[in-house]
Amino acid sequence: MMSELKTKEAFAQSSETIDGNIATINFGPTHPSTHGIFQNVLKVDGEKIISSEQTVGYIHRAFEKLSERRPYNQITPITDRLNYCSSPINNMGWEMTVEKLIGAEIPKRVQYMRVIIMELARIADHLICNSVIGVDAGALTSFFYPFTEREKIYELYEEICGARLTTNIGRIGGFERDFTPAFHTKLQSFLKTFPKAFEEFDSMLARNRIFMDRTKGAGPISAERALAYSFSGPNLRATGVDYDVRAMHPYSSYEDFDFIIPVGVNGDTYDRFMVRQEEIRQSVRIIEQAYKNLPEGSYKADLPDFYLPEKADVYNNMEALIYHFKIVMGETEIPPGEVYHSVEGGNGELGFYLISDGGRTPYRLQFRRPCFIYYQAYPEMISGMSISDAVLTLSSMNVIAGELDA
Amino acid sequence: MEKLNNEAILNLIQGAFPNDVLFHEEPYGLLTIEVTAAKGHEIIEWLKNHETLSVNYLTNIAAVHYPEDAGREFAVVYQLHSWKNLFRLRIKCYLPKENVSIASLVDIFPGANWMERESYDFFGVEFIGHPDMRRILNEDSMDYFPMRKEYALEDDTREDKDDRYFGRNNQ
């Protein structure tokens, strides 16, 4: 293992050139493993990357501008399309931001339900990222194994909101309905079978000689540089910094749960992989705790101004009809204010900076998108690496085009 | 260690920069201070190197456009975070529309690079000293700054659609 690290380091430091010519390679725009549209223009000397420059913005959809014209409840579907591998976290992050702005009190049951869904989303997100690292290292089998499990998570989303990828899950103030009996059955069976299936996946890569040789020392970054670049999430933790929004600024009752924040040492591809693997195990622990202690109570907060009333009430009850009309027509009164709320997304601190001027739409809404911020360190991370390591580094950073370009 | 409260943080900053803290408030518990734009860079550098405060993490940079507010049409909002003391801090600098420029933070936080490019791209805020002040998400040949309030999302000349009930009107 050490010898492999040395080889990669030696490769980076050697001044040996193939023929003295620097070639320019257009890496992308379509990434071989379809993580999205990324273009990198690499300057290479033989196989060694001398410098690189990214182009971003291929799927920019002006979400921040769109948000300035939409009522608050219509912004949730926009957040789906940020990090679409874990859209429930984005949805709930946004809902919590609005709840913070209006000062809503959220029932404990809703908070626990959210924790369960957000941790399921984290598992799905990390599973995709880690299995794709396998693909980019040449191990296609490890990509298909966890898809069975991911499918089960998507079925759980379907049980709650009817959608799979772009979920638009939950509402401002809670959920549209309580967990259904089918959800309970499916979640119980998931919790029973997932750990075993996951360890099987883990055993394919985590101690695999070829995989370790490929990923150890690939695309490393030091804790100091990672902090300077405002890294967050698993990429930061892989460098050895234990920053996790769930623990530092607990939201949605995360303080009630016992979990470990795994950290790496070298900040390389292997450490990023291992941190995610351990986080999946911790997420399962959190779900088990939240499900076991799921409090009794309502699945929605008492927020008639924001939460659509039951359809039956709309037809039979004057007050409900008025609220329904007000919400749908955007007559809801939103207090003016300025709020920042962040959640631990699939790939880092996902923040919502919201300025309301009291109008029916946000005056300004900015998304702090973790992968937009850390992707700028990519040239530094792959400088001196080989092209194949650059591919691995990109997939291990979990850069999601939807979130990158917003 | 005793947790620093907002008042203590504010006192430390006001002590060091008595004339530059123009306004302060605490919306939702997050200390927000407005400082003179010329001193923004210096104050943030001071905060980062300060022994007790140790504001080591740049969370976010956002620009905001207030076309109605004469002389302070643009705001650059920095969200900072001190992990040692677990507090967040928001610093605002207002800029006039005649000279929308402010010192870049790239020398303090390399991560500010793209965040500043994004603010430039959408609002036209020039960051002086930025190594690569170009557009980032939009196309390079674009000649306007789309997040400014004068650009409505929908075409004003449309007559087939009454927009009064569907969002902010631009009259």
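Below, each value reflects all heavy atoms present in this structure, side chains not excepted, and no hydrogens, waters or symmetry copies. Convention: sequence-line order gives letters A, B, ...; per-chain numbering from 1.
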Part of R117(B) lying under 4.5 Å from any heavy atom of chain A: neither
Side chain / backbone / both / neither for F372(A) at chain B, heavy atoms under 4.5 Å: both
Atom group of R70(A) that falls short of 4.5 Å from chain B, counting heavy atoms: neither
Residues R61(A) and D405(A) bridged, charged N to O under 4.0 Å: no
Part of F122(B) lying under 4.5 Å from any heavy atom of chain A: side chain
Within the 6.0 Å centroid threshold, strictly below: F367(A) and F352(A): yes
S383(A) side chain vs E380(A) backbone, donor-acceptor pair below 3.5 Å: no
Worked verdict on V41(A) versus F27(A) for side-chain contact (heavy atoms from CB on, under 4.5 Å): CA-CA 6 Å; V41(A) 178; F27(A) 190 60; over 6 Å; no
Interchain contact, L227(A) with chain B, by part (heavy-atom threshold 4.5 Å): both
Residue selection (most heavy-atom pairs with chain A, distance under 4.5 Å) from R90(B), E139(B), Q79(B), R135(B): R90(B)
K43(A) NZ: over 12 foreign heavy atoms closer than 6.0 Å: no
Proximity breakdown for R88(B) and chain A, heavy-atom pairs closer than 4.5 Å: side chain
Sole residue of Y151(B), Y120(B), F74(B) in ring-ring contact (aromatic ring centres under 6.0 Å, His included) with F145(B): Y120(B)
Contact class of I108(B) relative to chain A, heavy atoms under 4.5 angstrom: neither
Chain A contact residues among residues 23-34 of chain B, heavy-atom distance under 4.5 Å: E25(B), P27(B), Y28(B), L30(B)
salt_bridge(K149(B), E68(A)) N-O dist < 4.0 Å: yes
Under 4.5 Å from a heavy atom of chain B, the part of L66(A) involved: both
Part of Q366(A) lying under 4.5 Å from any heavy atom of chain B: side chain
Y72(A) and T361(A), any side-chain heavy atoms less than 4.5 Å apart: no
Per-residue contacts, residues 339-349 of chain A versus chain B, heavy atoms under 4.5 Å: V339(A), Y340(A), S342(A), E349(A)
Chain A contact via D121(B) - side chain, backbone, both or neither, heavy atoms under 4.5 Å: neither
Part of H81(B) lying under 4.5 Å from any heavy atom of chain A: side chain
Top contributor to chain A contacts, counting heavy-atom pairs under 4.5 Å, from N138(B), N56(B), N113(B): N113(B)
Salt bridge present between R369(A) and E118(B) (N-O < 4.0 angstrom): yes
